[in-house]
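Naming convention: chains lettered A, B, ... in sequence-line order (proteins, then strands); numbering from 1 in each chain.
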Amino acid sequence: MKKYHPSRKALMFIRIIIFAAAVALTVLARTYLAPYKIIMWTAIGICWALVVCFGLILIPLYFRRTVYCISSAEISKHSGMIYLSRTVMKFSAVQYITEIVTPLSRITALNFIIINALGGKILIPFLSSSDCDEISSLVSSQLRKRDG
Amino acid sequence: MAAIRFKIQRKSGVSRQHPIKLFSYTTRNFWLLLIPLARSVYALRFDLSRFSLWLKGAWLDIIVLFAIFAFAVIRYLSVFYKYDDEKLIIKKGIIADAFDTLFYGEIATLTVYQNLFFKIIGAAKVSVTTNAGTFSNTDITLITGAKQANRLFETVRLRSKADLTYSVSPRRLHLFFFSLIFSSTLSGVIIFSTLIIQVGKIIGNNLEKILFDSFNEVAMSLAVGIPPVAIGIAVVVGGGWLISFVANLLRYWRFIVSRRNNSIVIRSGILTRCSHFLNTGKINYIDLRQNFFTKIFRISSLHTHCAGYGGKGRELAVILPITTRHEINDTSHMLFPSYPQPKITQKPPLRNIMGYILAPLVASLVIPAAVFPLLYFFPSWRTAVIYSALIFEVPIVWEIIVQFMAFFTTGIGYENGFLTLKYCGLYSFHNIVMPVEKITKVTVYQSVFQYFSGNCHIKVYSQSDKTKSHYIKNMPLSETLEFFDKIGIDLYFNENPHTERNL
């Protein structure tokens, strides 16, 4: 069984995006909500509270908890932010895989694999480029072996 | 030339669809364009001078109509089909030919459908579904002559070698109660609304206006001490349910199901006659379905999940409409001899009962709590607020009762390669028996509270052309992990007591 984890680069990139979005929203609030001080400060407060909550607690927790295991018999995923989940999909049920590679994914590590089966699918997000290629060829070779 | 080629092809067993299919290849609005054209021609009263003037203005519309029809003819002429003892071949394509070859062994469901209109013109609709749901729905749909359709159906049906045929036909009274229980207001309202909208497109909005005015009059006349809006809602709910009931009764009357080795044949319907052929190897699971009252009276209906059967329109994937539990057990044993009786070995512990009734309980308290501030701020809406609160409160209280019962009947079990799942989805109780090899995915969820209490929710995904899951609430985590590990599904994480499998 081979284990994979989401890439730390993706976590860093998401944190940057969240921070940039929060800064942009703060500037917009200061610009357009300036006459309504209470609403402005409430909006800014909520925005930064969400940044702290997601950027510093929940999303890092998700990255820490998430593990993907691929063996010859099954694919399993253990993850969760607020809800913990454990998912197992038998290889015999897998039909095909979809690989999603975003621009600059070597830097951002925003690579996704969707493993499709009859009646369900597993999403494997935030993979580094090397992990993405490895999982993709692993699953493909298993499918080829299964179909003779 | 096309006629000669067609004749030669007919001799070698190749056929075309019924000519009525031609009209489904035109656009949906084709007929709406024809009506103003016909009106214009009639208004001209065949006066040649006015006709040429009209032609000068309408020539583009006429060309478009001819182009639509011509394209439909080309599409119709480009589709052929042929079948023998082992396969069905369909040829499609105008510029490039595409051949679909379908071996009968791969068919999950084959349905022959003949409504009143098709009966009159001697046509039938043949739908073929397989489990190949990878990139798109693989339904093959042909409109053929009725004799051709029946011949194809018999060819596929007789392919299964069988010495013994088991048939069962439910009693008429049972079919009546089945339609009574499985009718829904929503489907009745959808049927009625579709009819009004489609008729309105042809004859204008007069019918809609007449119906709306009549509806208002009835609501006002019955509104003695009850707000008209409540009467209106009651009329919609009652009327919608009645339409759905009649539609279900007509659909499932003369229901007969037969088992023949590796196939099941189901025929039903009066005005619209449906025949379904199901490959038992492609059946994903069977489901003994009950609601609260049928559970108390120990009656249920037997449903199945097989790609292509049920799910279209308001069709239910029913194998045996409502009957006693004893008859269901006997019949399911004859129709599905390898399937065990549904028995559960893991149940939720007593301490988990709040997980079932807490959410609807909270909702049932929130609604009356919300009434008081609404009455304070909007006193003139008193009657409407109270009646709306009642309308929302009744189904929630009912849900509490149903979930209380669900707690005592929920569980999972395993026997001889079959997984049993018993759970309650909204107001419906399900007893699923599924071969283990039909499981696609299993997911176990834990909320923060469940993490500390050692419980979990389970979702089992079965093979299907769409995503199909079965949700079992509040089971003990350690027993659940052990249970699935025994049937070969390793959900353990760091607590895995077994050695890891290597690639």
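The contact between B/S462 and chain A is made entirely by backbone atoms, counting heavy-atom distances below 4.5 Å. When heavy atoms are compared at a cutoff of 4.5 Å, A/V94 does not approach chain B at all.
Going from atom CD of B/Q463 over to atom OG of A/S92 covers 8.0 Å, rounded to the nearest 0.5 Å. Between the OG1 atom in B/T440 and the NZ atom in A/K121 there is a gap of 12.5 Å [rounded to 0.5 Å]. To the nearest 0.5 Å, atoms OH (B/Y461) and CD1 (A/I122) are separated by 10.0 Å. The distance from atom CZ of A/R86 to atom CG of B/L477, rounded to the nearest 0.5 Å, is 5.0 Å.
Within the 3.5 Å criterion, the main-chain N or O of B/G488 finds a donor-acceptor partner in the side chain of A/K90.
Under the rule for a side chain to side chain donor-acceptor pair (under 3.5 Å), A/T42 has no partner lying at least two apart in sequence or in another chain.
Residue B/Y445 comes nearest to A/S85 through the heavy atom pair CD2-CB, 3.8 Å, listed as atom of the first residue, atom of the second, then distance. The minimum heavy-atom distance between A/V88 and B/L491, with the atom names listed, is CG2-CD2, 3.5 Å. Looking at every heavy atom in both residues, B/I489 comes nearest to A/E74 through CA-OE1, 4.4 Å.
Taking B/K441, B/E437, B/Q450 one by one and counting their heavy-atom pairs under 4.5 Å with chain A, the maximum is reached by B/K441.
Within 6.0 Å of atom CZ in A/F54, 12 or fewer heavy atoms from other residues, nucleotides or ligands are found, so the atom counts as exposed in its surroundings.
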